[in-house]
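The structure appears below as structure tokens.
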Amino acid sequence: METKISSRMFEMAKKVIPGGVNSPVRACKSVGCEPVFIQKAKGSHIYDVDGNEYLDFVCSWGPMIHGHANEEIMDAVTDAVKDGTSFGAPTTKEMALASMVVEAVPSIEKVRFVNSGTEATMSAVRLARGFTGKDVIVKFDGCYHGHADSFLIKAGSGVITLGIPGSPGVPEDIVKNTISIPYNNEDLLEKTLRERGAEIACVIVEPVAGNMGCVAPSATFLARLRELTEELNIVLIFDEVITGFRLAYGGAQEHFGIMPDLTCLGKIIGGGLPVGAYGGRADIMDQIAPDGPVYQAGTLSGNPLAMAAGIANLRLLQRPDFYKELNEKAEFLADGLKKAAESAGIPVTLNRVGSLMTGFFTEGPVTDFESAMGSDADRYAVHYRQMLSKGINLAPSQFEVAFVSSAHTMDELKTVVEMTEWSFKKLA
Ligand SMILES: *Cc1c(COP(=O)(O)O)cnc(C)c1O
């Protein structure tokens with residue numbers, strides 16, 4: 001596979017962009033190769049600037065649940081662009097998408113649009129603090145909630161991938177208000193919340209963790225979290241930036257039947273354009289300016305192109321059996337990967353919830369950050385490069401999920417299983 005043009009582009013990019021990339025994991029450092037530069041994408045495939053074609057399981061890290069360059073979404077955006085790209089004033093499209101979100105997500109009564117998942121989580125935490133008058137937040141090791149200061153403690157995603165504990169530039173004064181505890185540990189959760197409940201504004205959680213690889217909540221974890229936060233007057237925030245509109249149309253909260261107070265959305269809600277959102281109980285949301293004192297604003301928030309893409313994306317999700325079919329595809333792939341590992345005789349723990357999955361190179365089980373870190377990331381790196389050489393684009397990190405989209409066909413998934421068998425045998 002020739003990647004000459006990508007290599008040259010990367011050299012040039014590194015001169016003008018830190019690391020040559022606008023988000024760290026894209027640099028492919030942890031898998032020991034250089035990134036390819038993408039020219040275009042269609043359906044389940046992406047194409048690089050050297051003309052190579054790849055079957056894509058990154059799916060822009062989640063948003064492309066219908067595959068790339070979906071016709072309906074492209075039409076919605078091209079129609080919208082003709083009317084202008086930003087007004088800084090209310091539009092009908094914002095109202096339409098907000099109504100769809102309120103209808104879709106069980107616990108959301110009101111919603112505010114922002115431009116990224118990071119903005120959504122940052123604003124939700126500010127709101128929880130403003131609402132409760134308390135300062136401390138609780139998060140879980142290995143969960144990622146965007147790159148705002150308060151969250152960069154034992155965070156997932158690129159923070160784990162690059163093996164950095166937190167980040168310079170985050171003042172101690174801010175970090176002292178964040179408590180990070182292990183995922184799925186109900187005893188420690190209860191102890192922490194009971195001891196410090198009077199100072200704790202909120203608990204923020206990925207209801208299925210997707211940024212230390214895919215880690216499911218135990219059967220009782222989320223219910224216990226809901227009980228305790230309710231009892232102790234702590235705002236419960238579900239960060240559904242990945243799980244929203246993916247595990248079900250109403251997200252993880254619909255899937256598990258557990259209602260948070262606030263929910264953060266991103267990724268799928270924008271259909272591939274930059275959108276985030278946070279919403280929840282009306283009495284809490286009414287604390288936001290201009291109705292309330294908690295300030296949050298955005299020049300491009302509710303952008304008409306992004307709203308048009310989001311509306312089209314959500315409409316496609318309303319098709320009958322959409323989630324059933326998507327999950328069946330994911331299940332087929334996960335079963336194939338498990339069998340491939342067994343027949344090659346290498347330890348792989350396959351975690352899957354709906355259409356999110358990660359094959360961890362470890363005996364397992366993987367239930368939290370510590371057990372995820374027990375994976376052989378070097379072995380993953382070799383697997384990643386072997387798969388890429390066969391035209392299959394996996395996440396360039398052991399600690400990310402593979403995203404299955406409705407554009408992946410059963411034949412394509414069969415090919416991936418065969419390629420995985422080949423790759424695992426070479427690893428054995
Ligand atoms: C991606 C992600 C974010 C951050 O969203 P950005 O749009 O990258 O700022 C926050 N939380 C979770 C769970 C995510 O996966």
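Each ligand, and each atom within it, is numbered from 1 in the order the structure gives. These figures come from a predicted structure and were not determined experimentally. Numbering starts at 1 and runs along the sequence shown.
- The residue from Ile204, Leu265, Asp239 that puts a heavy atom closest to atom 11 (N) of ligand 1 is Asp239.
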Worksheet entry | Glu72 vs Arg319, salt bridge (charged side-chain N to carboxylate O under 4.0 Å, His left out): CA-CA, chis, key distance, verdict | CA-CA 13 Å; Glu72 273 99 333; Arg319 288 185 177 167; 3.0 Å; yes
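- Between Thr118, Asn115, Thr121, it is Thr118 that holds the heavy atom closest to atom 4 (C) of ligand 1.
- In summary, the atoms of ligand 1 found under 4.0 Å from a heavy atom of Asn211, numbered by their order in the structure, are 12 (C), 13 (C), 14 (C), 15 (O).
- Contact check on Lys191 versus Glu195 returns a salt bridge, with a Lys/Arg side-chain nitrogen under 4.0 Å from an Asp/Glu carboxylate oxygen.
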Item to complete: Kindly determine whether Lys176 and Glu172 satisfy salt bridge (charged side-chain N to carboxylate O under 4.0 Å, His left out), including the steps that lead there.
Response: CA-CA 6 Å; Lys176 72 167 201 259; Glu172 201 41 53; over 6 Å; no
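- For Arg112 and Glu119, the salt-bridge test fails: no basic side-chain N is under 4.0 Å from an acidic carboxylate O.
- Annotation for ligand 1: atoms under 4.0 Å from non-hydrogen atoms of Ile242 are 15 (O).
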Worksheet item: Under the side-chain contact (heavy atoms from CB on, under 4.5 Å) criterion, do Val205 and Asp239 qualify, and how do the steps go?
Response: CA-CA 6 Å; Val205 66; Asp239 180 350; over 6 Å; no
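- Salt-bridge formation is detected for the pair Lys110/Asp286: a Lys NZ or Arg NE/NH1/NH2 atom is positioned less than 4.0 Å from an Asp or Glu carboxylate oxygen.
- Set against the non-hydrogen atoms of Ser116, the atoms of ligand 1 under 4.0 Å away are 7 (O), 9 (O).
- Between Ile268 and Leu317, the closest side-chain pair of non-hydrogen atoms falls below 4.5 Å.
- Considering backbone and side-chain atoms alike, His145 places every N or O at 3.5 Å or more from each N or O of ligand 1.
- Taking all heavy atoms of Gly266, Gly244, Gly117, Gly276 into account, the minimum distance to atom 6 (P) of ligand 1 is reached by Gly117.
- The proximity of Lys267 to ligand 1, defined as any non-hydrogen pair under 4.0 Å, is limited to the side chain.
- Taking every non-hydrogen atom of Glu206 and a distance limit under 4.0 Å, the qualifying atoms of ligand 1 come out as 13 (C).
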